[in-house]
Amino acid sequence: AGELAAAPAAAGGSSSGAQWSESGVLLGICGAGALSLGLPALLPAQPIPTFACFLVFEFCIGLYFPASGTLKSRLVPEDARASTYALFRVPLNVLVLFVLVLHFSDGLTFVWCAFLLALASHFMRQLKGDLAAREAEGAQAAKASGRSSSLVLEVK
């Protein structure tokens with residue numbers, strides 16, 4: 001089993017002591033994105049709220065790519081990244097073709113996208129819990145071995 005060094009717990013925190021993890025940011029992004037895509041389906045033909053939801057969704061996209069890139073670089077070993085990412089592109093492309101071929105209505109498309117983002121939020125919440133448990137195990141291992149500068153996480 002390899003080892004992954006994480007930044008110390010104090011690094012990256014704000015002056016108030018709050019810390020932002022990539023998984024936490026992604027959890028919020030997926031939740032906000034699901035809401036911003038679900039509301040236009042509930043409020044059809046309402047241009048101002050729909051535009052506001054569009055702006056929220058675009059903001060979420062702007063936050064998503066840096067946060068997901070950082071998290072993926074932390075979780076996926078460098079030698080396996082290309083093949084792993086390629087495997088995830090196949091189902092995504094199948095889903096896109098499925099939606100394009102079936103010609104869903106705009107409202108149904110918004111509902112499906114909101115559902116998929118809500119599902120992503122659920123899985124991101126699970127991942128966040130798993131990462132927190134790993135970091136706690138790493139902190140205990142570091143404390144037991146006398147290391148204080150970084151957390152050591154085992155990659156399984």
Side-chain angles (χ1 to χ4, degrees), residues 1-7 9 11-14 18-139 151-156:
E3 292 184 353
L4 175 67
S14 68
Q19 293 183 14
W20 293 88
S21 66
E22 301 90 1
S23 56
V25 170
L26 286 169
L27 177 61
I29 290 169
C30 289
L35 287 174
S36 69
L37 288 179
L39 287 176
L42 298 174
L43 305 168
Q46 297 289 328
I48 304 262
T50 300
F51 183 66
C53 289
F54 167 76
L55 293 177
V56 169
F57 186 71
E58 285 294 318
F59 181 74
C60 290
I61 290 171
L63 291 175
Y64 171 81
F65 285 105
S68 68
T70 304
L71 184 63
K72 288 189 297 187
S73 70
R74 197 172 127 199
L75 295 177
V76 181
E78 189 171 343
D79 57 341
R81 280 189 196 153
S83 58
T84 303
Y85 296 169
L87 288 174
F88 281 103
R89 284 189 193 110
V90 172
L92 178 63
N93 289 333
V94 169
L95 180 66
V96 168
L97 286 174
F98 176 74
V99 169
L100 290 174
V101 168
L102 293 181
H103 302 290
F104 290 134
S105 68
D106 290 344
L108 186 58
T109 301
F110 277 119
V111 168
W112 268 106
C113 289
F115 169 75
L116 291 173
L117 278 170
L119 188 63
S121 296
H122 169 72
F123 290 125
M124 188 53 60
R125 186 172 183 196
Q126 286 182 335
L127 178 64
K128 183 179 180 193
D130 291 346
L131 290 174
R134 281 186 180 180
E135 288 177 3
E137 289 172 8
L151 300 178
V152 178
L153 304 176
E154 279 194 30
V155 179
K156 296 180 182 180

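Atom CZ of Phe110 and atom CG of Leu42 lie 11.5 Å apart (nearest 0.5 Å). For the atom pair SG of Cys53 and CD1 of Ile48, the computed distance is 12.0 Å after rounding to the nearest 0.5 Å. Rounded to the nearest 0.5 Å, atoms CG (Leu87) and CG (Leu92) are 13.0 Å apart. Put simply, SG on Cys60 and CG on Leu55 are 11.0 Å apart, with the number rounded to the nearest 0.5 Å. To the nearest 0.5 angstrom, Leu26 atom CG is 8.0 Å from Glu22 atom CD.
When every heavy atom of Leu37 is checked against every heavy atom of Leu117, the shortest pair comes out as CD1-CD1, 3.6 Å. Heavy-atom minimum distance, Cys30 versus Ala120: SG-CB, 4.0 Å. The two atoms that bring Pro49 and Leu43 nearest to each other are CB-CD1, 4.1 Å, heavy atoms only. The two residues Pro66 and Thr70 make their nearest non-hydrogen contact at O-OG1, 2.9 Å.
Panel note: side chain Arg81, backbone Val76; a donor-acceptor pair is recorded below 3.5 Å. A donor-acceptor pair under 3.5 Å is formed between the side chain of Ser36 and the backbone N or O of Gly33. Using a distance-only test at 3.5 Å, with no hydrogens or angles considered, no donor-acceptor pair links the side chain of Ser23 to the main chain of Leu127.
Counting only heavy atoms from C-beta outward, the side chains of Leu95 and Leu116 approach each other to under 4.5 Å. Within the 4.5 Å cutoff, side-chain heavy atoms of Thr84 are placed close to those of Phe88. Proximity of Leu71 to Leu131: side-chain heavy atoms (C-beta onward) are separated by under 4.5 Å at one or more points. When side chains are defined from C-beta on, Lys128 does not count as touching Met124, because their heavy atoms never get closer than 4.5 Å. At least one side-chain heavy atom of Phe57 sits less than 4.5 Å from a side-chain heavy atom of Ile61.
For Phe59, the CZ atom is loosely surrounded, since the number of other residues' heavy atoms within 6.0 Å does not exceed 12.
Ring geometry, Phe104 versus Trp112: the interplanar angle falls under 30°, so the pair is classed parallel (tilted spans 30 to 60°).
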